[in-house]
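Each chain gets a letter, A, B and so on, in the order the sequences are listed, and its residues count up from 1. Computed from a prediction, not measured in an experiment: that's the story for all the values here.
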Number of protein chains: 2
Amino acid sequence: MKQESKRGRPRKFDETETLNRIMQVFWKNGYAATSLDQIASETGLNRPSLYAAFGSKKEMYLASIDQFADEMHSYLREAGAKTTGANSRLKAIMAAAIELYTGKTALSSAPYGCLAISTLPAEAAQDPDFQSALEAMIARMDKGFASLIRHETNDEFSEIELLEKAQHLALILHGISIRARAGATSQTLKDLAFSAVDKIVP
Amino acid sequence: MKQESKRGRPRKFDETETLNRIMQVFWKNGYAATSLDQIASETGLNRPSLYAAFGSKKEMYLASIDQFADEMHSYLREAGAKTTGANSRLKAIMAAAIELYTGKTALSSAPYGCLAISTLPAEAAQDPDFQSALEAMIARMDKGFASLIRHETNDEFSEIELLEKAQHLALILHGISIRARAGATSQTLKDLAFSAVDKIVP
DNA sequence: ATATTTTTATGCGAATTGGTATAAAATGAA
DNA sequence: TTCATTTTATACCAATTCGCATAAAAATAT
């Protein structure tokens with residue numbers, strides 16, 4: 001938001017670390033139920049400092065979503081790189097996502113599901129910016145799954161079939177996020193995810 | 001909430017119809033972003049009357065969820081009764097749910113997805129009552145799908161397989177609700193749903 | 001040192017929030 | 001008509017909301 005400047009009082013907070021704290025608050029409470037006072041208290045900053053660094057509440061939230069998407073993307077990419085073969089890699093990615101959704105990773109502190117899937121839909125019908133953010137998030141996941149299948153299976157599937165499989169995987173993952181938010185155990189969710197992967201990309 | 005009484009000033013509103021209006025407001029805005037003033041304005045009642053009839057905002061919301069679940073249940077049951085065979089009935093139910101999610105039915109006024117899936121997750125991590133409501137909603141869908149498959153396929157699948165298929169169908173449907181909320185067209189969603197049904201219960 | 005620039009801290013302020021107290025209105029019972 | 005009962009309407013309450021105006025603090029540049 002602001003490049004480092006030579007003069008002036010130095011900041012006493014790290015921007016991305018603070019944004020991660022902000023993200024946690026939205027992750028737990030959702031957008032509408034989160035107040036700037038909660039964010040201030042959770043980050044240790046006061047409202048004017050927050051506003052100067054991240055803009056309005058809405059901008060903070062959208063920035064949190066972006067950072068979440070980026071961190072989740074690289075986390076899943078890493079998890080999917082540990083094996084070979086479409087089926088095995090997809091299972092590794094599903095397992096990693098479920099660990100994330102159930103609060104068993106450094107990025108996630110509690111079983112809150114996916115930040116975007118858990119909190120964006122409630123706001124999407126009210127504000128087109130939120131609807132666009134949700135749509136972008138979904139498209140990004142579709143593309144991620146599609147690209148993995150495309151690279152891992154050589155012309156075995158048509159581009160149409162491939163995109164359909166990717167969307168089915170994303171649908172399953174979003175359903176899993178909701179169940180994680182509802183309190184399902186990670187083992188239950190992994191069983192569901194693995195059997196779904198076996199059906200979609202055997 | 002209140003049985004009809006002989007004496008006293010008569011009510012000038014119908015309880016279930018008013019609750020349907022309340023439901024629409026929560027459906028669009030989610031729980032936290034909905035104010036009692038909006039509900040009052042949308043129903044034509046004032047806050048004290050609303051409070052007397054339906055209790056607190058939270059009670060209004062949970063009553064909306066219950067009524068939605070009941071209305072959706074009977075609507076889908078009816079849609080699924082028009083054909084025979086597991087595959088065909090499941091497709092009919094999926095198609096009907098998608099019509100509902102994309103605002104093409106009497107019950108739904110706009111493409112807001114499923115009331116529960118769109119709005120409950122945002123609140124579920126803060127309030128155990130909301131988490132329980134979400135969990136109950138998911139369980140109800142799982143059971144609905146399971147019972148249909150059980151009755152339509154005679155011992156073709158074990159109870160374990162059957163429950164797994166039901167959960168896969170529910171996962172898909174929840175993912176579809178999110179995509180409806182994100183603006184996907186009903187045709188896109190039906191294509192996805194039908195191909196998924198073909199994979200799960202051919 | 002003095003001035004300049006940037007961040008922090010205090011605190012305000014107009015608006016909105018969920019909920020309710022109180023009184024007026026509308027009905028049936030006596 | 002008079003009374004009891006229930007719903008409606010007005011208005012208020014204390015608390016919270018987001019955002020910002022203003023001033024103090026902390027650094028560098030001159």
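Remark: P of D:dT8 and CZ of B:Arg11 are 7 Å apart, rounded to the nearest angstrom. Here the C1' atom of nucleotide D:dG19 and the CD atom of A:Glu59 are 12 Å apart, to the nearest Å. Regarding B:Arg7, its CZ atom lies at a distance of 17 Å from the P atom of D:dT2, rounded to whole Å. In this structure, the OH atom of A:Tyr51 is 21 Å from the P atom of C:dT10, given to the nearest Å. The interatomic distance linking A:Phe13 (CZ) with C:dT6 (P) rounds to 15 Å, in whole Å.
When side chains are defined from C-beta on, A:Pro111 does not count as touching A:Tyr101, because their heavy atoms never get closer than 4.5 Å.
Closest heavy-atom contact between A:Ser177 and A:Ser118: OG-OG, 4.0 Å.
With C:dA26, D:dG19, C:dT4 as the candidates, the nucleotide lying closest to the side chain of B:Pro10 is C:dA26.
Counting heavy atoms of neighbouring residues, nucleotides and ligands inside a 6.0 Å radius, atom NZ of B:Lys28 does not exceed 12 of them.
Ring planes of B:Phe26 and B:Tyr61: perpendicular class, angle over 60° (limits at 30 and 60°).
If you check residues 35-43 of chain A against DNA chain D, the residues with a heavy atom closer than 4.0 Å are A:Ser35, A:Leu36, A:Asp37, listed by number.
A donor-acceptor pair under 3.5 Å is absent between the side-chain atoms of B:Gln131 and the main chain of B:Ala125, judged by distance alone. Side-chain atoms of B:Arg89 do not come within 3.5 Å of backbone N or O of B:Thr84 as any donor-acceptor pair.
Using a 4.0 Å cut-off between charged nitrogen and carboxylate oxygen, B:Glu17 and B:Arg21 count as a salt-bridge pair.
Side-chain N/O atoms of A:Lys199 and B:His168 include a donor and acceptor closer than 3.5 Å.
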Tabulate atom names and distances for all N/O pairs under 3.5 angstrom spanning the protein and nucleotides 9-11 of chain D.
{"residue": "D:dA9", "atom": "OP1", "partner": "B:Lys12", "partner atom": "NZ", "Å": "3.0"}
{"residue": "D:dA9", "atom": "OP2", "partner": "B:Asn46", "partner atom": "ND2", "Å": "3.0"}

